[in-house]
Every structure is written in C-alpha cells, then in structure tokens.
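So the structure is just underneath, and the comments pick up after that.
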Amino acid sequence: MRARWPWVLLLVALLALGPQFLKSYQVYLLSLAAVYALAALGLNLLTGYAGQISLGHAGFLAIGGYSAALLQVKLAWPLWASLPAAGLLTALLGLVLVIPALRLSEIYLAIATLGFGVAVEQLLPQWAWTGGHQGFSIPRPELFGLALNSDLAFYYLILAVGLALVWIAANAVRAPLGRAFVAIRDNELAAQALGISLARTKSYAFLLSAFYTGIAGALYANLVGYLNVSTFNLGLSILLLSMIAVGGLASIPGSLLGAAFLGLLPQVLSGFSAWVPQFIYGAALLLVVIFMPYGIWGFLLQTVGRGRGLMRSARRLFPGPRAESGSTGGDDHA
Amino acid sequence: MLELQGVTMRFGGLKALDEVSFRVEPDRIVGLIGPNGAGKTTVFNLISRFYHPSSGSIRFNGIELTHLSAHEIIGKGIARTFQNLGLFPYLTVMDNLLLGQHCRVRTPVLLQALHLPGARHEDRQMRVRAGQLLEQVGLAQLAPAYVAGLPYGVQKIIEFCRALVARPRLLLLDEPAAGLTSAETEAMAGFIRGARDQFGVTVLLIEHDMSLVMKLCERVIVMDFGQVIAEGTPAQIQHDPQVIEAYLGRPAEEAPHA
C-alpha cells in the first residue's frame with residue numbers, strides 16, 4: 001500500500017508536466033483519452049466490482065453531456081455548477097436501471113441496459129432543445145473568470161477533476177461499500193446473510209457509476225464543443241466495456257490503462273488506413289481474453305511484480321474466466 | 001430464544017417441511033440431524049429468510065422473522081455459515097472478516113468515499129477485532145492471504161470466524177465439520193464450544209458426523225421427510241426407535257415371517 005505512493009506521485013507529475021511539451025492537438029487527444037478513462041472507471045465500478053453488466057453506458061455519457069451543455073448554453077450556468085449537476089442528474093437516472101438489476105443478472109441485465117442505451121439514443125433527438133440530429137454546439141467555457149479556450153488549460157481542468165474522482169473511487173473500493181460490491185458480485189446469498197442489502201448496494205453501484213460517466217459526458221461536451229446523438233451509440237458502450245476488459249476488471253489502474261490504450265489507438269494509428277486500428281482493436285481483445293484473463297494491468301502485476309504480494313493483488317481483482325472452480329480450495333497459489 | 005411453530009414449506013408439489021415446530025433455548029449447543037433430504041438446510045434457509053414459509057411462524061427473542069428481509073436477520077443477532085462455503089474467494093481472509101462485521105458499519109457511504117478520520121477509525125477497530133479472532137483460532141498469519149488458495153479445512157474455520165465476528169447471539173452452522181480431517185474436526189468442536197462458553201453464543205448446527213454431535217450437543221432435534229421425529233438429549237435420541245428406523249431402516253425381526 002505505502003510502496004505505491006512514489007509511483008502515484010511520479011505518474012501525477014508526468015501527467016501534469018508532460019503536456020507542456022506536447023502539441024496542442026496531442027494535448028486534445030490526451031484529454032479525450034482522460035474523458036474515456038473516467039467513463040471506463042465508472043463502468044468498472046459497476047461491472048468489475050459490483051458484477052452488474054451494462055451495455056448502456058453510452059446513454060449515461062449522452063445524458064451527462066447533454067445536461068451540461070443545456071445548463072450552460074440555455075440557462076447560462078457556469079461550468080463549476082453544470083459539471084456536478086450533470087453528474088448528479090445522470091446518477092439519478094442511473095437509478096432507473098436498478099429496477100431491472102434487482103430482477104435480472106448477467107446476460108439478461110446486459111440486454112436490459114442495452115435497451116436503456118438505445119432508448120436514450122432514440123429519445124434525445126426527438127426534443128427540439130437537443131438540436132435533433134443536427135447536433136448542438138457548446139462554446140468553450142470559462143471557469144471562475146478564467147477562459148479555458150486553450151487545449152492545455154482544458155486538459156488541466158480534466159486532470160484535476162479526474163484525479164479527484166480517481167481518489168474517491170480508490171477510497172470507495174477499499175471501504176465497506178467496495179467490499180459490499182464484490183460480495184454481491186460473488187455470492188448474493190452469503191452477502192445478504194452478512195447484512196448486505198442487494199437493493200441498496202446495487203443502487204449505490206448504479207448511482208456511483210452513472211455519476212462518474214455523467215461527469216465524463218459533461219467534460220466530453222465541453223472538450224469537443226459539439227454534441228451529436230449518433231456519437232453515443234451501442235458501439236461506444238461496447239468500446240467502454242472493451243476498455244475495462246482489456247485494462248483489467250475490478251481495477252482502477254486497469255480502467256485507466258484500458259481507456260488510454262483503446263482510446264488513443266485510432267489516433268496513434270491515424271496515418272494508416274482505417275482497417276489497421278480496427279484490426280489491432282479486435283486482435284487486442286482476442287489476445288487479452290486468451291492470455292491475460294486479468295487484463296493488461298493484472299498481467300503487468302504478474303509479470304513485472306516478482307514479489308508474491310503483487311501476484312496476489314492481481315488475483316484479487318476478478319475471478320477471471322478460468323478461475324471458476326478455484327473457490328473450493330485447490331492449490332491456486334503454487 | 002428461537003421458536004419455530006407449525007412451519008410448512010412447499011416447493012411446488014413437494015412438501016419440504018411439514019408442520020415443523022421446535023425451540024432452541026439460550027446458551028445451548030443444539031444439533032439438527034437427519035438423513036439427506038430431511039429438510040435441515042431448508043430450516044436454515046427459512047430462518048435466513050432466503051425462503052418464505054408456506055405457513056407457520058419463526059420467532060427469535062419475540063421478533064417474528066417472517067416479516068423481515070434476508071439482510072435484516074444478522075442485525076437481529078443471527079449469523080450463519082453455509083454447507084458449501086459462503087466465503088468470497090477473491091477477497092483476503094481479512095476482507096472476509098471485515099465483511100462479517102458489515103452489519104456493524106456506521107460510517108455513511110459518503111464519508112467512506114472521502115476517507116475521513118471517522119471512517120478510518122471504524123476500519124481500524126474492525127481490523128483489530130478480526131485480528132484478535134484469527135489469533136484465537138491460530139490463523140493470524142493468514143489475514144492477508146486470498147481465500148481461494150487456502151485448504152478447505154482452513155476455509156471452513158475462516159467462515160466460522162466470519163460468522164462469529166459479527167458477535168451474533170445465535171449461530172447457525174450448516175455442516176461445520178463436513179470435509180474436515182479428524183484433527184480439524186476436533187479443532188472445530190473446540191471453537192464451537194469456545195464460542196458458546198466465551199461469547200455466550202447459542203449454537204444450532206446441522207451435522208452428519210454423529211460422534212461430533214453426540215460429543216458437542218446438549219440437545220438434538222431429529223428430522224426425517226420434513227418432520228421433526230424426535231427431540232432430546234443425545235443419549236435419549238440414540239435409543240429412540242423412530243430415530244434408529246430413520247437411519248438404519250426397520251429392524252429385521254419385524255419383517256413378516258414367511
């Protein structure tokens with residue numbers, strides 16, 4: 001635990017100072033990856049930790065983005081108010097999904113959440129104030145009188161919000177709440193016998209997850225400066241799921257790593273024809289699922305971390321596809 | 001302390017429990033025995049509120065349990081273990097024991113997320129209590145280990161500790177000695193007796209190991225085909241003709257002569 005701090009500080013320093021040496025467009029791409037990372041983190045809290053699969057998270061991104069944009073443009077709210085408001089509004093709508101989540105699990109819940117995502121995508125353009133299918137422009141905002149029109153300035157805003165949210169998530173997963181998430185994921189009956197309410201815990205999971213994704217959506221709207229419903233399609237929901245699966249389920253570094261990898265891939269390879277990044281995306285998914293059941297982060301811990309302690313922390317993250325029978329003993333550590 | 005009255009449980013056309021009534025007096029270690037399929041685990045699952053009885057009442061210290069939800073039972077003072085382990089294999093032993101104290105967490109979720117001193121203080125207290133209990137069963141060094149890699153017998157003891165760390169007044173143990181070596185069974189018997197003598201916990205346990213039941217339990221309830229067929233001290237039920245019949249079948253001399 002303590003030994004992690006130097007690494008965290010180094011990473012923060014790198015994220016804070018590195019962009020000074022990048023071109024404006026590269027900083028923009030980094031910001032975009034950071035927004036993905038927040039959304040992936042939100043999804044991982046729900047799916048990786050609490051075991052509730054969502055195929056509708058693009059819907060939460062859209063709700064966060066549109067509510068922030070409308071508050072700012074139509075009601076002239078300042079960014080410092082619209083950002084948390086968008087998060088809270090999305091969180092409340094996230095509670096809607098608790099209703100199917102209390103009745104359904106696994107693939108059936110995935111289908112229900114898929115329905116939610118599709119419904120949001122179809123409903124939003126029906127209202128005049130969303131700009132319909134034409135889309136919606138948002139001027140770069142100010143924050144406390146400071147114009148955030150440079151890409152670098154906006155990057156620092158995203159970094160600050162992101163670091164705060166990562167810190168909160170790291171606290172939450174180590175607290176009783178995070179343990180309750182894992183408990184309902186792995187054994188609902190035993191969890192209940194320990195006093196964990198399924199309804200309450202799933203509500204918290206959806207609230208927290210939708211809040212993170214809503215904030216990410218609000219940041220996305222302000223970063224890109226333009227919203228179009230077609231962005232928030234099923235493909236985006238699946239991309240977010242791929243990010244956490246590739247990075248590492250039930251892992252905060254894994255969420256960030258997966259988002260950085262899959263989020264930046266198309267941009268880094270933009271010089272090639274379109275099929276190249278798509279091919280690598282597909283191949284990466286396949287290889288990770290086969291060779292790195294705990295995601296890139298779990299793989300790094302197993303490979304780089306020679307100490308047994310690190311190996312173990314890779315195991316704790318998630319059952320993994322092959323670990324099903326490991327629960328009743330067996331010599332898994334050998 | 002615990003009182004079942006006329007509890008019937010139907011699964012479709014199958015009557016798993018038929019008018020089951022019995023009492024568990026405080027400070028006792030009570031055995032619930034019977035052949036496979038007699039309905040013992042169904043009784044536990046009804047007390048845990050995983051099932052709702054078709055009819056009948058289950059009272060604990062005057063509280064009607066059938067009005068409560070499953071997650072409210074431990075708050076009334078009833079903890080349990082599971083026949084095939086209810087541990088969370090991808091968490092550490094310590095995390096499992098912290099989950100055992102989940103019903104005692106008072107820090108609101110928002111304060112947990114901000115990692116404020118109140119949350120840290122509560123966390124430390126729970127860790128200390130879990131550590132002390134592990135110390136007592138001689139497994140303190142396993143606190144940071146992941147449950148999935150531990151031997152079955154050790155997992156059984158850890159699950160017992162997880163139930164005990166909630167400081168319940170009634171402990172339901174579903175086959176605590178199943179799959180244990182005789183040395184481990186011996187140790188488990190000691191822990192169960194210790195829980196009663198040291199913490200004043202009443203114990204109701206399902207067990208197939210008869211020598212353990214006879215040694216450990218002060219009262220025994222025998223079930224067969226969803227009914228209570230006998231109740232008494234171990235010595236009494238050992239000589240009860242109905243019990244002998246349930247376990248061994250009808251004596252040969254009663255068979256009609258040719």
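Throughout, a chain's letter reflects where its sequence line sits, starting with A, and its residues are numbered from 1.
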So what's closer than 4.5 Å to chain A heavy atoms on A70(B): side chain, backbone, both or neither? both

Heavy-atom cut-off 4.5 Å, strictly under: side chain, backbone, both or neither for I73(B) against chain A? neither

Would you call the rings of F11(B) and Y51(B) parallel, tilted or perpendicular, where under 30° means parallel and over 60° means perpendicular? perpendicular

Working to the nearest 0.5 angstrom, can you tell me the gap between L102(A) CG and L97(A) CG? 11.0 Å

If you measure from OG1 on T181(B) to CE on M188(B), what distance do you get to the nearest 0.5 Å? 10.5 Å

Would you say that more than 12 heavy atoms from the other residues, nucleotides or ligands in this model lie under 6.0 Å from the OH of Y108(A), or not? no

Taking A191(A), A170(A), A193(A), A183(A) one by one, which has the highest count of heavy-atom pairs under 4.5 Å against chain B? A183(A)

Quick one: do R23(B) and E3(B) make a salt bridge, cutoff under 4.0 Å? yes

Chain B heavy atoms under 4.5 Å from A169(A): which part of the residue, side chain, backbone, both or neither? neither

Is E72(B) close to chain A through its backbone or its side chain, or both, or neither, when contacts mean heavy atoms under 4.5 Å? neither

F82(B) six-ring centre to R80(B) NZ/CZ under 6.0 Å and within 45° of normal: yes

Contact leader toward chain B among N171(A), N187(A), I168(A), where contacts are heavy-atom pairs under 4.5 Å: N171(A)

One option among V105(B), D123(B), L98(B), N96(B) has the most heavy-atom pairs under 4.5 Å with chain A, and it is L98(B)

